[in-house]
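This report concerns only the one structure given below.
None of the values given here were measured: they were computed from a predicted structure. Letters A, B, ... are given to chains in the order of the sequence lines, protein chains preceding strands, and every chain is numbered from 1.
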Number of protein chains: 2
Amino acid sequence: MERRPTIIDVARAAGVSKSTVSLVLQNSASVRAETRAAVRAAMEALGYVYNRAAANLRSSGAGLIGLVINDLRNPFFTEFAISLQMALSERGFAAVLANTDETPALQAQVIGAMIEHGVSALIVSPAYGGGETGFDAIARAGLPAMQVLRRVDGRTDLFPFAAPDYPAGSRLATEHLIAEGARNIAFVGGLEGRMVTEERLAGYRATLAGAGLAPLVLPGRSGRSMGRAMARRLAEDHPEVDAALCFNDQVALGLLSGCAEIGRPVGPGGLRIVGFDDIEDCAQSWPPLSSVRCDIAGFGQAVAATILAWVEGDVTPPAEDRPAVDLVIRASSAAQPSKER
Amino acid sequence: MERRPTIIDVARAAGVSKSTVSLVLQNSASVRAETRAAVRAAMEALGYVYNRAAANLRSSGAGLIGLVINDLRNPFFTEFAISLQMALSERGFAAVLANTDETPALQAQVIGAMIEHGVSALIVSPAYGGGETGFDAIARAGLPAMQVLRRVDGRTDLFPFAAPDYPAGSRLATEHLIAEGARNIAFVGGLEGRMVTEERLAGYRATLAGAGLAPLVLPGRSGRSMGRAMARRLAEDHPEVDAALCFNDQVALGLLSGCAEIGRPVGPGGLRIVGFDDIEDCAQSWPPLSSVRCDIAGFGQAVAATILAWVEGDVTPPAEDRPAVDLVIRASSAAQPSKER
DNA sequence: CTGAAAGCGCTTACAG
DNA sequence: CTGAAAGCGCTTACAG
């Protein structure tokens with residue numbers, strides 16, 4: 001692990017000045033092809049490695065983007081982060097990624113660390129909750145930053161918000177269940193008071209109201225185990241319920257599991273179930289799970305494009321962006337599945 | 001987005017020299033408490049942000065660790081990456097993370113980018129396949145790097161290898177199935193010739209041979225859809241098979257799904273199924289899935305400790321480290337589950 | 001087309 | 001306990 005060669009070493013080996021080496025590094029047109037070749041050969045021979053940090057010190061713009069995610073163990077967020085990271089990588093940016101485990105204090109800490117590391121911008125899928133969240137630190141540093149998937153900071157002028165159109169999604173799902181003949185449709189999962197829950201509930205409530213049906217909301221921590229437990233509770237306490245719109249796919253997949261456990265049939269003739277997000281597992285469960293497709297991979301790519309346009313082209317994103325969603329109908333809610341695209 | 005204040009601005013505001021500010025930044029004991037307070041106050045007032053890149057230019061050691069993972073959409077790898085990242089974060093290091101989608105060329109590219117970004121070390125869960133993999137570039141840069149979960153580069157002196165003890169895992173699982181009375185045990189999934197498949201197969205084959213039983217290996221791309229399809233194939237082509245040891249949990253969960261689809265019972269009296277890795281979903285499926293527990297979260301934390309000891313303490317890891325695994329028995333393979341810890 | 005010089009924001013001996 | 005100076009590896013005008 002000796003000292004890495006620098007442009008000075010390269011310059012010496014190639015017999016030019018270090019400025020010339022720098023220009024070659026930047027593919028400047030004002031270096032003779034011959035000289036360029038000599039410099040490149042010297043770099044190869046010495047095993048030269050470009051030091052981006054040093055370069056950025058002078059020119060600014062490290063090519064690092066910070067990704068701060070509330071729960072990376074949830075496949076929905078994982079898929080978002082991965083597609084975003086890969087899109088950034090394609091454009092020559094690297095992603096510094098951190099999981100905050102739904103903890104605002106941890107979020108504030110990792111945001112601070114990322115700012116020190118010189119990220120050019122931040123994408124935050126924030127943890128709920130108050131106190132120090134890190135957004136103030138971002139504002140002080142004057143960095144471009146977006147909040148995605150959830151809005152927790154009201155300053156959308158500073159921190160533009162982007163997320164799939166959740167209310168439209170639950171509207172589509174509820175309409176579908178009504179059309180299939182369900183009359184007692186429960187909403188399962190989601191913690192009340194949180195933005196995403198409220199939005200997903202809104203479309204459900206509005207649609208039921210329009211159809212003259214009564215809502216039944218059964219909130220809770222939205223994981224598989226909760227969904228699984230809910231199968232029994234639903235059967236025992238609310239036997240009249242003939243359909244469940246779940247807060248997310250994890251709850252829905254758990255509910256599916258729980259129905260298998262208690263021997264309750266799922267789908268037409270049994271309990272109709274619809275999830276939300278359309279993560280990959282939905283297509284592989286039995287029965288396959290209907291879900292509101294958020295195209296999270298496409299969303300991640302779009303966010304990458306947006307943040308890069310902001311960083312590189314100074315194009316400020318709109319304060320709020322809510323891309324459309326659609327409904328994928330599978331056997332868990334209907335006899336006639338929609339065609340998969 | 002004006003120019004951020006530097007230590008010079010802070011020094012001016014606090015009426016000291018910039019060296020003093022630097023010393024305060026490093027919590028040096030040789031600065032009077034009074035002066036320290038004045039400097040801190042000035043930093044606060046100016047909204048000073050420490051520029052780690054600049055500092056590292058001089059002192060070297062950016063506090064960045066690169067994480068290069070073959071398939072981050074697979075929960076097993078996700079969990080590994082997340083627990084590693086969080087452990088690093090706790091120790092003041094940030095993780096640059098990239099998914100390589102099982103593509104060696106992409107892997108080589110992201111490794112190159114990370115080296116330029118000045119990572120202090122790399123953790124690589126490598127993609128299989130030849131050509132340029134990026135390991136040569138790491139060697140040229142003289143960076144500490146470990147290969148984890150899979151070994152693809154033979155130079156374990158340069159790139160120490162760490163992974164759960166796969167052969168022991170399949171041995172445990174196979175012994176368990178035999179003890180439960182299974183006599184026709186299939187191994188499902190895994191692509192032949194790959195290191196992990198071969199190791200997981202080895203324990204299976206050895207144990208069967210010891211018991212005088214014949215192996216049946218049904219390899220394939222190890223996702224849920226493959227497992228699901230395999231349920232039908234198993235029932236039609238190999239009706240005598242009474243147990244399946246799966247390459248990983250994804251295959252096993254798919255197989256579970258497929259058995260539900262074709263109406264074949266799973267567990268004692270039906271097809272006994274054991275997965276591998278023990279991802280979180282195992283406990284939530286129906287029936288719950290037995291699996292070889294690799295404690296991937298603990299493994300990620302251990303790898304974090306190892307790489308930091310290498311980077312900070314110059315402790316080179318052993319060429320090969322194979323932490324022990326155990327078997328979690330659930331209803332998919334036995335009437336009497338093991339106690340969950 | 002190429003070179004000499006200053007500077008990016010910090011740290012590190014070295015004086016005092 | 002604090003300051004002046006040099007240097008980390010690069011880029012950026014500015015000369016030539």
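- Residues from residues 36-50 of chain A that place a heavy atom under 4.0 Å from any atom of DNA chain D, listed by number: A:Tyr48, A:Val49, A:Tyr50.
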Can you give the donor-acceptor pairs under 3.5 Å from side chains of residues 76-88 of chain A to other protein atoms, not counting sequence neighbours?
residue, atom, partner, partner atom, Å
A:Thr78, OG1, A:Leu72, O, 2.6
A:Thr78, OG1, A:Asn74, O, 3.0
A:Glu79, OE1, B:Arg73, NH1, 3.1
A:Glu79, OE2, B:Arg73, NH1, 2.7
A:Ser83, OG, A:Glu79, O, 2.8
A:Ser83, OG, A:Phe80, O, 3.2
A:Ser83, OG, A:Ala297, O, 3.4
A:Gln85, OE1, B:Asn99, N, 2.9

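- Residue B:Ser22 places at least one side-chain N or O under 4.0 Å from the OP1 or OP2 atom of C:dT11.
- Under a 3.5 Å cut-off, the side chain of A:Glu102 and the backbone N or O of A:Asp71 do not form any donor-acceptor pair.
- When rounded to the nearest whole Å, the span between NE2 of B:His117 and C1' of D:dG9 equals 16 Å.
- What you find for A:Leu64 and A:Phe93 is that their closest heavy atoms are N-CD2, 4.3 Å.
- Applying the salt bridge (charged side-chain N to carboxylate O under 4.0 Å, His left out) test to residues at least two apart or on different chains, none of the pairs has a partner in residues 297-307 of chain A.
- Contact between the side-chain N/O atoms of A:Arg4 and the OP1/OP2 oxygens of D:dG9 is not found at any separation under 4.0 Å.
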Please list each protein N or O that sits under 3.5 Å from an N or O in nucleotides 14-16 of chain D, with the distance.
none

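- Residues that satisfy the side-chain contact (heavy atoms from CB on, under 4.5 Å) test with B:Ala38, not counting sequence neighbours, are absent from this structure.
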Would you give me the side-chain donor-acceptor pairs under 3.5 Å for residues 126-146 of chain B, sequence neighbours excluded?
residue, atom, partner, partner atom, Å
B:Tyr128, OH, B:Val196, N, 3.3
B:Thr133, OG1, B:Phe135, N, 3.4
B:Asp136, OD1, B:Arg155, NH1, 3.3
B:Asp136, OD1, B:Arg155, NH2, 2.8

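- In this structure, B:Gln301 places its CD atom where more than 12 heavy-atom neighbours from other residues, nucleotides or ligands lie under 6.0 Å away.
- Residue A:Thr100 holds its OG1 atom at 8.5 Å from CD1 of A:Ile111, rounded to the nearest 0.5 Å.
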Can you check nucleotides 3-6 of chain D for protein contacts, nitrogen or oxygen pairs under 3.5 Å, and list what you find?
residue, atom, partner, partner atom, Å
D:dG3, OP2, B:Ser17, N, 2.7
D:dG3, OP2, B:Ser17, OG, 3.2
D:dG3, OP2, B:Thr20, OG1, 2.9
D:dA4, N6, B:Ser19, OG, 2.5

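- For D:dT2, one of the phosphate oxygens OP1 or OP2 lies less than 4.0 angstrom from a side-chain nitrogen or oxygen of B:Thr35.
- For the pair A:Asn51 CG and D:dG9 P, the interatomic distance rounds to 8 Å; values are reported in whole Å.
- Here the P atom of nucleotide C:dT11 and the CD1 atom of B:Ile8 are 12 Å apart, to the nearest Å.
- For the pair B:Arg12 CZ and D:dT2 P, the computed distance is 19 Å after rounding to whole Å.
- Contacts of B:Asp9 classified as side-chain contact (heavy atoms from CB on, under 4.5 Å), with partners at least two apart in sequence or in another chain: B:Arg3, B:Pro5, B:Thr6, B:Arg12, B:Leu46.
- Counting to the nearest Å, the C1' atom of C:dG9 and the CG atom of A:Asn56 are 13 Å from each other.
- Within a heavy-atom distance below 4.0 Å of DNA chain D, the residues of residues 24-31 of chain B found are B:Ser30, B:Val31.
- B:Ala42 pairs by the side-chain contact (heavy atoms from CB on, under 4.5 Å) definition with B:Val10, B:Ala13, B:Ala14, not counting sequence neighbours.
- Annotation: cation-pi pair B:Arg322/B:Tyr166 present, NZ/CZ under 6.0 Å from the ring centroid and within 45° of its normal.
- One distance of note links OG1 of A:Thr156 with CZ of A:Phe161; it measures 9.5 Å at 0.5 Å rounding.
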Per-residue pairing states of DNA chain D in dot-bracket (Watson-Crick or G-U under 3.5 Å; . unpaired, | other strand) read |||.||||||||.|||

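- When atom types are taken as modelled, the side chain of B:Ser17 and the backbone of B:Ser19 share a donor-acceptor pair closer than 3.5 angstrom.
- Looking only at side-chain heavy atoms (C-beta outward), A:His117 and A:Val96 stay at 4.5 Å or farther from each other.
- The shortest distance between side-chain heavy atoms of B:Leu67 and B:Val124 does not fall below 4.5 Å.
- For residues 36-55 of chain B, the set of pairs meeting the salt bridge (charged side-chain N to carboxylate O under 4.0 Å, His left out) definition, not counting sequence neighbours, comprises A:Glu116-B:Arg52.
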